[in-house]
Every structure is written in C-alpha cells, then in structure tokens.
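Read the structure below first, then the notes.
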Amino acid sequence: MNCTCTNQIPPIYKGDTATLTLSVMQPDGSYMNFNGKTVKFIIKKTKEKADTEAIVLKTIEPEEDITELPISLTTAETNVAEGTYWYGVRVIADGYQTTEGEGQVDIVQGPFYGE
C-alpha cells in the first residue's frame, strides 16, 4: 500500500462534516501529482459489500497540480449507524486503476448529536 495515511483514519463523529487529506508516496520518494487522474474514494460497511452499496462513493478529478487531495464528507454521508467501516482509495491514470490505500474508519456518536 502506497498511501501515506495510516490504515486507521481518526474517528468521525456521526453527522459531522469531515475533510480527509490524501497523499500517495511513489517508489522514488516523491508524492503523486493528482492532476489529470481520477481518484475514487469509497466507504462501506464491509469489504464484501458491492461498491453500489457504499455509504460514500466519490469520484474526484483534479484539474490542477496538487500532491495533497482533500476529500470532503458531508453531514448526510456521516449520518450513518455508529460502527467500524472500511475505506478504499483507487487512482485511475492512463487507463490503469490501482488501489493506493485501504483501512478502517470509525463513525462514533458525538456528545451533542441528537435525533
């Protein structure tokens, strides 16, 4: 796995917005430039679930030179049942798709979130 993030994303409070920052270290030690690439970010309850059953499925296509890609999650996307979910990051460039990171993220009940 080449993702410079850890396999465990810090917990996200249920119903909060969140921004994750993705960077991918390449074999030569430089960071991937996301310009012109397609990045897919997915969160689902189990790895076995189909992508169509994901709670978050984002496709991001940067049009500028950046090595740190912000991935924003909305209140609606994090307003799910508390628990541990799996995330994955795929990068598509020149017709090839590679998984650049995967791991777990916990959605937790915040102290002020109500029905």
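Below, all heavy atoms of this structure are taken into account, side chains as well, without hydrogens, waters or symmetry copies.
Residues Val108 make up the rest of the hydrophobic cluster containing Tyr13, defined by ILVMFWY side-chain heavy atoms closer than 4.5 Å, directly or through other members.
At a threshold of 4.0 Å, the pair Glu102-Lys47 counts as salt-bridged, since one of the basic side-chain nitrogens sits closer than that to a carboxylate oxygen.
Taking Lys45 as the reference, nothing meets the salt bridge (charged side-chain N to carboxylate O under 4.0 Å, His left out) condition, with sequence neighbours excluded. Residues that satisfy the side chain to side chain contact (heavy atoms under 4.5 Å, CB included) test with Thr17, not counting sequence neighbours, are Thr75. Residues meeting the side chain to side chain contact (heavy atoms under 4.5 Å, CB included) test with Lys49, sequence neighbours left out: Lys44, Thr46, Glu53.
For Thr78 (side chain) and Asp16 (main-chain N/O), a donor-acceptor pair under 3.5 Å exists by modelled atom type.
Val24 and Ile42 end up in different hydrophobic clusters when Ile, Leu, Val, Met, Phe, Trp and Tyr side chains are linked at under 4.5 Å. Hydrophobic clustering of Ile, Leu, Val, Met, Phe, Trp and Tyr side chains at less than 4.5 Å, counting indirect connections, keeps Trp86 apart from Val80.
A side chain to side chain contact (heavy atoms under 4.5 Å, CB included) with Thr38 is found for exactly one of Val91, Thr59, Ile60, namely Thr59.
Remark: Ile55 CD1 to Ile43 CD1 distance equals 5.0 Å, nearest 0.5 Å. Put simply, NZ on Lys40 and CD on Glu100 are 14.5 Å apart, with the number rounded to the nearest 0.5 Å.
Applying the salt bridge (Lys or Arg N to Asp or Glu O under 4.0 Å) test to residues at least two apart or on different chains, the pairs with a partner in residues 78-99 are Asp51-Arg90.
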Determine all donor-acceptor pairs shorter than 3.5 Å in which one atom belongs to a side chain in residues 62-72; sequence neighbours excluded.
residue: Asp65; atom: OD1; partner: Asn33; partner atom: ND2; Å: 2.9
residue: Asp65; atom: OD1; partner: Asn35; partner atom: ND2; Å: 2.9

Legend entry - Test log, rule side-chain contact (heavy atoms from CB on, under 4.5 Å), inputs Leu22 and Val89: CA-CA 9 Å; Leu22 172 70; Val89 178; 3.4 Å; yes

Inset, instruction - Please assess Val56 against Tyr87 for the test side-chain contact (heavy atoms from CB on, under 4.5 Å), listing each intermediate value before the final yes or no. - result: CA-CA 9 Å; Val56 175; Tyr87 76 89; over 6 Å; no

Legend entry - Stepwise side-chain contact (heavy atoms from CB on, under 4.5 Å) check, Met32 with Lys37: CA-CA 10 Å; Met32 179 183 289; Lys37 295 175 175 59; 3.8 Å; yes

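Residues Ile12 and Leu73 form a side-chain contact, since some pair of their non-hydrogen atoms from C-beta on lies under 4.5 Å apart.
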